[in-house]
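Read through the structure below, which is laid out as structure tokens, and then see the notes.
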Amino acid sequence: TKEGTSATHGAPLGGEDVAAVKAKLGLDPEATFVVPQAACDALRAHGGAEARAAWEARVAAHPNREAYLDALDADPATLVDAVSWPAFEAGTSIATRKASASVLKAITAAHPHVLGGSADLAGSNGVAIGRPSLRPDGFAGAGSIHFGVREHAMGAALNGMALHGGVIPYGATFLMFHDYMRPAVRLAALMGVGSIFVYTHDSIFLGEDGPTHQPVETLFAMRGIPDLVTWRPADATETVEAWKAALARRDGPTAIVLTRQGLPVLDRDALAPAEHVQQGGYVLLGSSGPLDVVLVATGSEVALAMKAHAVLAEQGVSAQVVSMPSVETFLEQPPAVRNACLPPGVPRVAIEAGRTWGWERVIGTERSAFVGLDRFGASAPAKELAERFGFTVDGVVAAVARARA
């Protein structure tokens with residue numbers, strides 16, 4: 001009686017209508033659950049039982065079976081320790097997407113069951129790591145999947161791989177295209193599976209592609225997904241730490257957000273050690289006297305905060321630079337850690353090339369200021385965009401003055 005209407009969209013059919021539907025389909029209206037014999041015969045004709053038995057025999061006889069099973073059962077910390085993590089020379093410049101490519105090669109060399117690819121952007125995303133491609137006619141030794149231009153299906157496939165087990169899956173695209181795969185990312189978080197989502201070209205600083213490809217609102221949206229942990233590393237060393245966190249996290253998804261443009265590799269001999277990155281936020285560069293302001297930055301904007309720190313010091317303003325690659329991870333830290341980074345009562349300035357919404361959870365609403373972007377970007381070289389939208393030392397110094405006023 002409801003055929004041709006929307007009445008069944010959110011309500012049960014009811015007993016009479018269920019029986020009527022079964023009768024119309026040629027099924028027994030009184031039967032609770034029936035698989036038609038023709039369907040059973042068609043499925044059994046494919047020899048599924050024989051195929052499974054043959055597969056199980058191959059697995060049992062495989063010479064690497066025990067080592068493989070041991071790897072799958074390994075403690076996440078063991079997974080991290082087994083990787084020969086690359087080092088990067090302080091003072092050099094490298095895009096975090098390129099640093100990530102070096103890291104991923106090291107990971108997959110140690111763990112062949114880390115398996116993934118890109119939605120047709122492998123070269124740009126840094127996941128073209130030289131491993132053979134998965135093909136319909138062969139899997140042996142494969143380490144790369146060509147997902148095609150279909151971000152949502154890629155995300156769904158990663159989740160399926162994680163749920164099945166046996167592999168640690170990752171998939172990459174531009175950050176702007178997170179919107180296409182957002183339902184799959186959300187389900188990964190809801191299901192608590194360890195899919196790894198890699199996003200590159202992370203801000204307006206990708207340049208001339210313009211506002212259609214400049215994800216000003218995407219970080220804010222991703223941080224709003226419960227149980228998704230997002231990392232936006234400031235340099236190559238933070239990229240290493242982000243991948244360590246992703247590899248160790250098997251009970252939920254991780255997003256790693258990377259730059260197109262080169263960023264200076266931070267000098268860890270002069271600055272805070274790289275292992276502090278695992279706190280999600282940490283004091284990268286402190287002050288020599290009583291603290292006047294805290295600069296909190298993520299990703300490519302950390303380098304800007306460092307430059308502003310030097311200028312503020314010349315002006316007699318004592319600043320502390322906090323790098324915060326993972327806001328969610330930082331907010332889960334004990335009060336002592338959070339207060340060391342953000343001392344109560346000290347003015348705070350957040351610097352990120354995206355929407356300012358949500359940052360009040362970190363810097364509060366009083367004696368605070370933003371250097372952000374609450375509008376769409378524009379098409380121009382990255383340097384011109386930085387000047388136009390205030391991502392300059394002068395812009396940060398002006399924000400500090402507002403916060404301290």
Side-chain angles (χ1 to χ4, degrees), residues 71 74-88 96-97 99-111 113-116 125-127 158-159 162 167-172 175 178 185 188-189 191-200 202 219 222-223 225-259 263 265-266 268 272-284 296-299 302 322-334 337-338 341 362:
D75 181 87
T78 304
L79 293 174
V80 172
D81 292 342
V83 179
S84 297
W85 299 97
F88 299 89
T96 52
R97 62 173 175 149
S100 175
S102 297
V103 175
L104 190 54
K105 287 179 182 178
I107 291 172
T108 53
H111 303 300
H113 60 288
V114 176
L115 177 65
N125 295 149
V127 296
L158 298 177
N159 293 345
V167 296
I168 296 175
Y170 66 88
L175 182 59
H178 162 79
V185 177
M191 294 185 291
V193 297
S195 302
I196 301 173
F197 304 104
V198 180
Y199 297 107
T200 66
D202 70 339
L219 283 167
M222 289 167 63
R223 290 171 182 148
I225 299 177
D227 299 321
L228 172 67
V229 174
T230 301
W231 292 86
R232 187 178 183 235
D235 76 332
T237 54
E238 285 198 1
T239 302
V240 171
E241 297 301 318
W243 270 106
K244 287 181 181 179
L247 192 61
R249 187 173 194 238
R250 299 292 88 229
D251 59 352
T254 302
I256 302 176
V257 179
L258 306 165
T259 66
L263 300 178
V265 178
L266 300 172
R268 294 294 167 177
E275 55 265 28
H276 289 188
V277 175
Q278 296 297 327
Q279 297 176 173
Y282 64 106
V283 178
L284 178 65
V296 185
T298 79
V302 171
V322 172
S323 177
M324 194 167 291
S326 179
V327 175
E328 307 94 325
T329 303
F330 174 76
L331 293 176
E332 291 178 352
Q333 299 303 313
V337 173
R338 287 184 275 120
C341 293
V362 176

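Reckoned from all heavy atoms, side chains included, excluding hydrogens, waters and symmetry mates. All values reported here derive from a predicted model rather than from experimental measurement. Each residue takes its place number in the sequence, starting with 1.
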Checklist entry - Does any non-hydrogen side-chain atom of His111 lie less than 4.5 Å from one of Ile168? => result no
Item to check | Trace of the side-chain contact (heavy atoms from CB on, under 4.5 Å) decision for Val240 with Phe88 | outcome: CA-CA 10 Å; Val240 171; Phe88 299 89; 3.8 Å; yes
Next on the checklist: Just verifying a value: how many Å separate Ser195 OG and Arg249 CZ, rounded to the nearest 0.5 Å?
Outcome noted: 10.5 Å
Checklist entry - Under 4.5 Å between any side-chain heavy atoms of Val265 and Thr237, yes or no? => result yes
Checklist entry - Taking all atoms of both residues into account, what is the closest heavy-atom pair of Ser323 and Ala234, and its distance? => result OG-CB, 4.1 Å
Checklist entry - What's the spacing between Lys244 NZ and Glu275 CD if we round to 0.5 Å? => result 8.0 Å
Next on the checklist: Using the side chain to side chain donor-acceptor pair (under 3.5 Å) criterion, which residues pair with Thr108? Sequence neighbours excluded.
Outcome noted: none
Checklist entry - So Thr239 and Leu258, side-chain contact (heavy atoms from CB on, under 4.5 Å) or not? Walk me through it. => result CA-CA 8 Å; Thr239 302; Leu258 306 165; 4.1 Å; yes
Checklist entry - Would you call the rings of Tyr199 and Phe197 parallel, tilted or perpendicular, where under 30° means parallel and over 60° means perpendicular? => result parallel
Checklist entry - How far apart are the closest heavy atoms of Ala82 and Ala110, and which atoms are they? => result O-CB, 3.6 Å
Checklist entry - So do the side chains of Pro253 and Val193 get within less than 4.5 Å of each other, counting heavy atoms only? => result no
Item to check | Nearest-0.5 Å distance, CZ of residue Arg268 to CG of residue Leu284 | outcome: 5.5 Å
Next on the checklist: With a 3.5 Å distance limit and no angle check, can you tell me whether Glu328 reaches the backbone of Thr230 through a side-chain donor-acceptor pair?
Outcome noted: yes
Next on the checklist: With heavy-atom distances below 4.5 Å as the criterion, would you say the side chains of Val83 and Leu247 are in contact?
Outcome noted: yes
Checklist entry - Are Met222 and Val229 close enough that some pair of their side-chain heavy atoms sits under 4.5 Å apart? => result no
Item to check | side chain to side chain contact (heavy atoms under 4.5 Å, CB included) involving Gln279 - partner list, sequence neighbours excluded | outcome: Tyr282, Gln333, Val337
Checklist entry - Are the side chain of Arg232 and the backbone N or O of Val257 linked by a donor-acceptor pair below 3.5 Å? => result no
Item to check | Side-chain (Gln278) to main-chain (Glu241) donor-acceptor, under 3.5 angstrom | outcome: yes
Checklist entry - Looking only at heavy atoms, what is the nearest atom pair of Gly281 and Cys341, with distance? => result O-SG, 3.7 Å
Checklist entry - Between Ala245 and Trp231, which heavy-atom pair has the shortest distance, and what is it? => result CB-CZ2, 3.6 Å
Item to check | Identified side chain to side chain donor-acceptor pair (under 3.5 Å) counterpart of Thr200 within the set Thr259, Asn125, Thr96 | outcome: Asn125
Item to check | Nearest heavy-atom neighbours spanning Ile256 and Ala246 | outcome: CD1-CB, 4.0 Å
Item to check | Separation of His113 NE2 from Ile107 CD1 (nearest 0.5 Å) | outcome: 11.0 Å
Item to check | Min side-chain heavy-atom separation Tyr170-Thr254 under 4.5 Å | outcome: no
Checklist entry - With a 4.5 Å heavy-atom cut-off, do Thr298 and Glu238 have their side chains touching? => result no
Next on the checklist: Minimum heavy-atom separation for Ala188 and Asn159, please, with both atom names.
Outcome noted: CB-OD1, 3.2 Å
Item to check | Spacing of Leu219 atom CG and His178 atom NE2 [to the nearest 0.5 Å] | outcome: 9.5 Å
